[in-house]
Visitor: 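Sharing a structure here in structure tokens format.
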Number of protein chains: 2
Amino acid sequence: MRKGEQTRTLILNEAVALASQVGLEGLSIGSLAARLAMSKSGLFAHFGSKEDLQLLTLKQAQTLFFEQVFSPALKQARGLPRLRALFSNWLAWVKRNDDLAGGCLMLAASVEYDDRPGAVRDLLVAGQRELRGAVAKAIRLAIDEGHLEPHTDPWQLTFEMFGIVLATHHDFRLLGDARAPERAGDALERLIEAHRAAAPRA
Amino acid sequence: MRKGEQTRTLILNEAVALASQVGLEGLSIGSLAARLAMSKSGLFAHFGSKEDLQLLTLKQAQTLFFEQVFSPALKQARGLPRLRALFSNWLAWVKRNDDLAGGCLMLAASVEYDDRPGAVRDLLVAGQRELRGAVAKAIRLAIDEGHLEPHTDPWQLTFEMFGIVLATHHDFRLLGDARAPERAGDALERLIEAHRAAAPRA
DNA sequence: GCAAATAACGAACGTTCGTACTATTGTGTG
DNA sequence: CACACAATAGTACGAACGTTCGTTATTTGC
């Protein structure tokens, strides 16, 4: 029970790395086993099916995202500081090149499964809904703190922030544009400025 | 020479539709042949390799994009009208559900090939560069026409417009959010408003 | 309308896919 | 130390993959 969990986690971490390059569908049990220097059947025994492996891999990526992007942002003061921290952690996540060599797995999977019904897509949608809700909540808190003007629509702002992240991912990954994160920062600041509350400055 | 070209085009159109759902990598010669009720080998004979098929499929999608998004926008008056037309055509392209049932093929391929060097990726990058340049040029014209203020950075604005489109694609396709295009329109108008020239109103 | 050219076919290649069984090794505990 | 069982390896499977081959059908140019 102990050794099993251990290698299982090892497998899943490697699976996240591999899937970030070739996608969740392109992730094959054979190649994953080869990368871990273990037998295909030995690896397969940890999961009942490929879909299970895909689901757990995606779940692992979601956990990593929460730990590295969201959780540290919660330590910042509510309002704009937390919102900015969230955004900058998010950009850092997108830029990662170590164990996410192929870019954000969730974004890749979103495109891969947006028209492929099933458990993977459902998990993807649930995670995305959760993320959006959390960002919108952070924005609502910024309004409550008096950092953003009361008329601000949290969902609209969330939508636009997400767009900036997507564009950054695209430009950074496909076009290899190192200035993309800088552009993203500028875009966010302009966005904040447009919705900043008149009276108190943050 | 005539019959060949004809079925080749037929194949490529079907390939675009199929690849938009399963990706350029997931596009298999066997399933494509089955959809067209022809033999695997007969289809394969039109292309020397799978990579050739992928390249031509992508090229076909790029052509469709130019015809349906870009070309009609050029008929509008330069400046904001043309920029708005371009954006709205782009949104319409993203929302298509007939022969692009799986969403924009270029966006899907961008995520699929962003870390897979080769001819497909090169073609993808070239197309993206061309598109970005054209959008930036439309913005520059809007500045020249006095619709946008002279300090506007065309590349930054292009980046942000692209982000809005990406977010729309994501929300519309994965989350099934029908209000996404509306959000996109609002975002664009706010973006334009922020950069609008002071003196003459458009 | 005949001959040359092209297009489509069916079968088979070797490989890899996911999955199922069985055997062997390894680990933790009484 | 040995027993029980978890963990890994081994082997085999049917199907699908991209690709090649030789052959048949169908267009095309004269």
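Letters go in sequence order (proteins before strands), and every chain restarts at 1.
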Visitor: Roughly, in whole Å, what's the span from CZ in A:F44 to C1' in C:dT22?
Guide: 15 Å

Visitor: Would you indicate whether the side-chain heavy atoms of B:L53 and B:T57 approach each other to under 4.5 Å?
Guide: yes

Visitor: Donor-acceptor pair, A:K40 side chain versus A:A34 backbone, under 3.5 Å?
Guide: no

Visitor: Less than 4.0 angstrom between a side-chain N/O of A:H46 and OP1 or OP2 of D:dA6, yes or no?
Guide: no

Visitor: Evaluate the side-chain proximity of B:Q156 to A:E182: yes if any heavy-atom separation is below 4.5 Å, no if none is.
Guide: no

Visitor: What is the distance, rounded to the nearest whole Å, between atom CD of A:Q6 and atom P of C:dT27?
Guide: 10 Å

Visitor: Listed in order of residue number, which residues of residues 21-34 of chain A have a non-hydrogen atom at under 4.0 Å from DNA chain D?
Guide: none

Visitor: Kindly write out the residues that satisfy ring-ring contact (aromatic ring centres under 6.0 Å, His included) with B:H170, not counting sequence neighbours, or none if the list is empty.
Guide: A:F162

Visitor: Sort me out a list of protein N/O and nucleotides 9-11 of chain D N/O pairs below 3.5 Å, or just none if empty.
Guide:
unit_1	atom_1	unit_2	atom_2	d
D:dA9	OP2	A:S39	N	2.8
D:dA9	OP2	A:S39	OG	3.0
D:dA9	N7	A:S41	OG	3.3
D:dG10	N7	A:S41	OG	2.6
D:dG10	O6	A:S41	OG	3.1

Visitor: From CZ of A:R8 over to P of D:dA6, roughly how many Å is that when rounded to an integer?
Guide: 15 Å

Visitor: A:H195 side chain to A:T152 main-chain N or O, any donor-acceptor pair under 3.5 Å?
Guide: no

Visitor: Checking A:E112 now: which residues fulfil side-chain hydrogen bond (donor to acceptor under 3.5 Å, both in side chains) with it, not counting sequence neighbours?
Guide: none

Visitor: How about B:R179 and A:F159: do any of their side-chain heavy atoms sit closer than 4.5 Å?
Guide: no

Visitor: Any donor-acceptor pair under 3.5 Å linking the side chain of A:T168 with the backbone of A:I164?
Guide: yes

Visitor: Tell me the interatomic distance from A:L10, atom CG, to D:dA7, atom C1', rounded to whole angstroms.
Guide: 14 Å

Visitor: B:R129: what forms a side-chain hydrogen bond (donor to acceptor under 3.5 Å, both in side chains) with it, not counting sequence neighbours?
Guide: none

Visitor: Return the residues of residues 48-57 of chain A meeting this criterion: a heavy atom under 4.0 Å from some atom of DNA chain C. Order them by number, or give none.
Guide: A:S49, A:K50

Visitor: Look at B:E193 together with B:R196 and state whether they make a salt bridge at an N to O cut-off of under 4.0 Å.
Guide: yes

Visitor: Check for me whether B:R84 meets the cation-pi criterion with B:F87, that is, NZ or CZ under 6.0 Å from the six-membered ring centre and within 45 degrees of the ring axis.
Guide: no

